[in-house]
Structures are given as structure tokens and as C-alpha cells.
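Reviewing the structure listed below.
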Amino acid sequence: MTAIEQTTSNPGVGPAPGSAVWAAVDQGARQYRADATSCRRGRYRTAVAVADGVGDSLDAAWSGQVAADTAARAGQAVSAPEALAEARDVVASVDPAGAGDSALVVAVGECATGWDIAWVGDCRAWTWRNGTLEQVTTDHTVAEGMRQLGEGAPPPNAEHILTSSLRCRLVPDGTVTLGPGPLLLTSDGVHKSLGRSEIEAVLSADPADPCEAMLAAARLAGSRDNAAALLITPVW
């Protein structure tokens, strides 16, 4: 599924910049599609989110979609950390038994003014400027924690063990503020199958649908996981 949206920040007021949004989700070989994207547009800002439900179950699929939708909806009126907190509260209140959980990244702002970003887990945010892709979030995983502590190469399974999620807070929620420019959000089905340079190459090729192209490249690289990507770029 791909959604493409083109909007204008200040309709009718000179050549104000707008934004184009691409989003795609792929179920892969999983039984359930637990990754999700969401985009909500307010009068003066946009809120976008990518979520990755933990596991391969109906609960994971539910929590991923609810997390993305809630964060994007809340982000029209509040900051990114507050939008993430709202998603956490909704998932916990609707499912108090704790069967569903999710990683999540949410960004609030505009390409023309900059971005307020918050995340838990290993969903990522990236800047895409002048042909260069730069990761601006840090994975909340056991593997990344080991690397930061200088403990040597982590075992492969450590890449998939989260140290934060909507229900787990072994580390604080991540936050970062960015200046103006395009923004890419991905789930681990994309960035753990494709390296930075490979994602960069997909974007540099200027495909008609960059998110679908990213997911296709991840499948060709052997990904069998759910995968999600959302790209927002300025349009004049």
C-alpha cells in the first residue's frame, strides 16, 4: 500500500513550500502485517509516524497500527514526545494485559521549518539532504547498547532485542530536533536489510515511488520481515 500526498503549507500565500509524502508497508513473509505508517496534516504542520509492532501476532498488528495512528493524530496539536506518550497511553489503556507492544518513531513539523522527533525501539529517522542520507536517531537495542559501551561485536540476535518500546523503558525515550529539510522514517525491515549507502542509492535514483522502491530493494536483499518507510520532501 502506498499513499502519495502533496500539500501546501500556506495555501494562497505566494510560492510557499509544500510537501510531498510517500509511504509504503510490506508484510513480507510474516503472518501478520505489524508495521504501520501514518500521516496527519494540520493547518500549520504535519505529523508523521512509523511503528513496528513487536512479534508476529494479531496483538502486534493492532498495537503497531494504533501506535502510528495515535501518534500522528496527537502530533497535530502537541510535541513529538507528547505524541509518543499519547500513543503509549492509548496502547496501555486499551490493552492493559500487555499483549501488544510496538517500537515507534514520530516527527512533528514541516520540511520548511524543521522537525521535532521522538522514538522508542529501533524505528529510525533520517535526513536526506544534497544526496546524503544521515541517521539522526539511535536504535534502542541490546546490540546498540553494547556498541556504545565498547563491548565488542554483539551477537546477531542482540540487534532485535529492544531496550525501549511503548511498554518497556530500560532507556529513556529518544528525542531530537532537526532543522528544515526532507525526512525519512523506516522500520527495521528496511534498515536492517539495507545499509545506509544502499538506501541512499535508492533515493538518489529518483524513483517514481521512493518508498516502494526501498521496500522492493529490501526484499531483493533477502528481507522476510515486515517493512515500512515514509518519506516527506519539500515541494515549491
Side-chain angles (χ1 to χ4, degrees), residues 1-3 21-39 48-69 71-72 87 91 100-107 117 119-126 128 133-144 154-166 168 174 183-203 205 207 209-232:
M1 295 289 291
T2 301
V21 182
W22 292 266
V25 180
D26 180 41
Q27 186 169 324
R30 296 294 190 99
Q31 183 176 359
Y32 295 92
R33 192 178 76 172
D35 285 11
T37 68
S38 188
C39 174
V48 290
V50 164
D52 181 357
V54 177
D56 187 17
S57 67
L58 187 59
D59 290 318
W62 171 84
S63 60
Q65 191 65 63
V66 168
D69 287 344
V91 169
D101 196 5
S102 184
L104 173 68
V105 59
V106 54
I117 300 172
W119 77 95
V120 289
D122 56 356
C123 292
R124 291 181 184 175
W126 314 70
W128 170 240
L133 188 69
E134 180 182 354
Q135 182 182 337
V136 297
T137 56
T138 302
D139 292 352
H140 291 177
T141 62
V142 169
E144 184 60 29
N157 68 322
E159 300 285 357
H160 303 284
I161 303 174
L162 302 183
T163 54
S164 80
S165 66
L166 291 183
C168 168
L183 186 73
L184 171 67
L185 307 180
T186 59
S187 72
D188 69 344
V190 175
H191 56 251
K192 290 182 182 174
S193 300
L194 301 174
R196 183 194 60 79
S197 62
E198 293 169 307
I199 300 174
E200 199 173 79
V202 171
L203 294 175
D209 189 326
C211 289
E212 284 287 4
M214 253 179 281
L215 269 54
R219 288 192 296 270
L220 284 174
S223 174
R224 296 174 57 82
D225 197 3
N226 290 174
L230 186 150
L231 176 68
I232 180 165

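Note that the structure is a prediction, hence the values are computed from the model and not measured.
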Straight-line distance of [X] [atom1] to [Y] [atom2], nearest 0.5 Å:
| X | Y | atom1 | atom2 | result |
| --- | --- | --- | --- | --- |
| Cys123 | His191 | SG | NE2 | 7.0 Å |
| Trp22 | Cys39 | CH2 | SG | 12.0 Å |
| Asp188 | Asp52 | CG | CG | 5.0 Å |
| Leu166 | Asp101 | CG | CG | 6.0 Å |
| Trp128 | Leu184 | CH2 | CG | 9.5 Å |
| Ser187 | Leu230 | OG | CG | 11.0 Å |

For [X] versus [Y], what's the shortest heavy-atom pair and its separation?
| X | Y | answer |
| --- | --- | --- |
| Arg33 | Val25 | CD-CG1, 3.4 Å |
| Arg30 | Gly55 | NH1-O, 3.5 Å |
| Leu104 | Ala51 | CD1-CB, 3.9 Å |
| Ser223 | Gly189 | OG-O, 3.4 Å |
| Leu183 | Ala125 | CD1-CB, 4.4 Å |
| Ala34 | Asn226 | N-OD1, 2.6 Å |

Practice task
Indicate whether the side chain of Asp69 and that of Ser38 have a donor and an acceptor atom separated by less than 3.5 Å.
Solution key: yes

Fill in the blank from the handout: Partner of Lys192 under side chain to side chain donor-acceptor pair (under 3.5 Å), picked from Thr141, Asp225, Asp122, is Asp122

Exercise for the section: Spell out, as yes or no, whether a donor-acceptor pair under 3.5 Å connects the side chain of Trp119 to the backbone of Thr138. Expected result: yes

Practice task
May I ask you to decide if Gln31's main-chain N or O and Gln27's side chain share a donor-acceptor pair within less than 3.5 Å?
Solution key: yes

How about [X] and [Y]: do any of their side-chain heavy atoms sit closer than 4.5 Å?
| X | Y | answer |
| --- | --- | --- |
| Leu194 | Thr186 | no |
| His140 | Leu162 | no |
| Tyr32 | Asp59 | no |
| Arg124 | Leu185 | no |

Handout entry: The single option from Ile199, Asp26, Val50 passing side chain to side chain contact (heavy atoms under 4.5 Å, CB included) against Val190
Key = Ile199

